[in-house]
Amino acid sequence: MSESPASGPPPQIPPARQSAARQPETPPTRTRATTLRQRLAELRGPSVAPHPLDARALAALAANPGCKRRALLDGAGVDKGVLATALGSPAPFGQSQFAFMRGNAFEAKVKADGGAELLRLLYERLGGSSDAPGPDVATPDLSAAGPEGRAARTALALREATAAGGWALLDHPMLALDVAGSPAYLEPDAVVVHPDGRWTVVEIKSFPMIDASADASKVGAAARQAAVYVLALERVAAVTEGAEVGQRVLLVCPKDFSNLPTASVVDVRKQRAVTRRQLTRLTRIEDIAAGLPEGTTFDPACPSEELDAAVAAVPPAYAPECLAACELAFHCRAKSRGEGAVEALGRGVRGELGGLTTVAGVLAAAAGKEGDPADPTVAALRRAAALRAEALESAAVLRAGAREAASVASAGASDGPEGAAACR
């Protein structure tokens, strides 16, 4: 009787098939975006949640596009305030609790009753030929999981509202904007969709508007912030039929010294163009990160010496203007002063000095100890030094003459009335 197949020898697998069977599965290819996110997470710290990049910080970043340090830290989601404290140079940034509560209360008042007062102010200033908004204004629900989900939900709501051809009020929508290769999620106070397909950004601020005029510096800051929102909205409008982003935004503030809202229209075309150009000039974050030493991290739990070395590995572009816009400005100022860099004196001075990068080098060039005499900057410094020496010499001669005259007068007075009369 023949053996059954079950009891016979196992079937022989050809060598080619054996190698194919034993070959491990190919791991999934990591995309460029995934690799960048992992790299930024390593820089931030394994247990540190990313700090959101808001429009105010983005406007400040665009105002100083040459600062790779801020570009990398903001792109990686590093909390610069916490980092500055860990480095021993805390910055007095942040809004007071009282101002925060007052701003929230005023915004709630403006948006009460479905935003009726806000829409009334907007229609008075930017209504155009459309009918006035009625009680049927759409207020879509923008809730979703995470900033990516909220941004996608906002884009869908904007398309639906534009297609509907009516008024719509989007309360705190979420917008996305690419910043040096990394996405930034922005949250304006409100965006209004007009029946004609126009989208208007609404900025609500708690500083007063007295006699229809507000503080110019605060209005300028609000305009730069709103310009960032306009840029982010344009990305959605580019793929939405019939949509157009308005280049004029509505600024809502308290009227005079009351809590009643009033509004003004601010043209942000100039701020939008400047911000767009500056953001385009920013070096891509992945290129900056690629030049850092292996193991670099900005985790605030690390020792201050390691953090100082990590921050020093990213070149800054410090200027005194940074003190009003960046949490790391005091740290950068201390380092700039310690190195004797001319940037500590201001961007204007830095631009005038050309290739001279240190204060010691400038003084040496002015004294004739260093520098090419044919260099216009060196020649101007030496001319200025000569004029200064001449002025000091003239002042010394005048002081000496004044002292001599005072001593003569004093001697005449000490000789009594006769001496004084003789002097007269």
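Worth saying up front: this structure is predicted, and the values here are computed from it rather than measured. Note: hydrogens, waters and symmetry copies are ignored here, and every other heavy atom, side chains too, is used.
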At their closest point, which heavy atom of Arg235 faces which heavy atom of Leu177, and how far apart are they?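 Nearest heavy atoms, Arg235 then Leu177: NH1-CA, 3.3 Å.
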Report the distance from atom CG of Leu323 to atom CG of Leu328, rounding to the nearest 0.5 Å.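 Interatomic distance, Leu323 CG to Leu328 CG, rounded to 0.5 Å: 11.5 Å.
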Pairwise distance CG(Asp372) to OG1(Thr377) - rounded to 0.5 angstrom: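 One finds 11.0 Å between CG of Asp372 and OG1 of Thr377.
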[X] atom [atom1], neighbour heavy-atom count above 12 within 6.0 Å:
| X | atom1 | result |
| --- | --- | --- |
| Glu352 | CD | no |
| Arg248 | CZ | no |
| Arg153 | CZ | yes |
| Arg125 | CZ | yes |

Quick one about Ser143 and Asp141 (side-chain donor to acceptor, distance below 3.5 Å, no hydrogens or angles considered), yes or no?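 Yes - a donor-acceptor pair under 3.5 Å links their side chains.
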Would Ser217 and Asp215 count as having a side-chain donor-acceptor pair, cut-off 3.5 Å?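 Distance-only check passes for Ser217 and Asp215.
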Test item: Tyr123 side-chain N/O and Ser130 main-chain N/O as donor-acceptor pair under 3.5 Å: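 Between the backbone of Ser130 and the side chain of Tyr123 there is a qualifying donor-acceptor contact (under 3.5 Å).
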Donor-acceptor under 3.5 Å (Thr240 side chain, Val236 main chain):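 Side chain of Thr240 to backbone of Val236: a pair is present.
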Can you check salt bridge (charged side-chain N to carboxylate O under 4.0 Å, His left out) on Glu339 and Lys335, steps first, answer last? CA-CA 6 Å; Glu339 297 169 359; Lys335 294 295 184 181; over 6 Å; no
Name the orientation class of the two ring planes belonging to His194 and Trp167 (parallel below 30°, tilted from 30 to 60°, perpendicular beyond 60°).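 His194 and Trp167: tilted rings.
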Start with the C-alpha distance between Asp74 and Lys80, add both sets of side-chain angles, then the distance that settles salt bridge (charged side-chain N to carboxylate O under 4.0 Å, His left out), and finish with yes or no. CA-CA 8 Å; Asp74 283 344; Lys80 298 191 298 299; 2.6 Å; yes
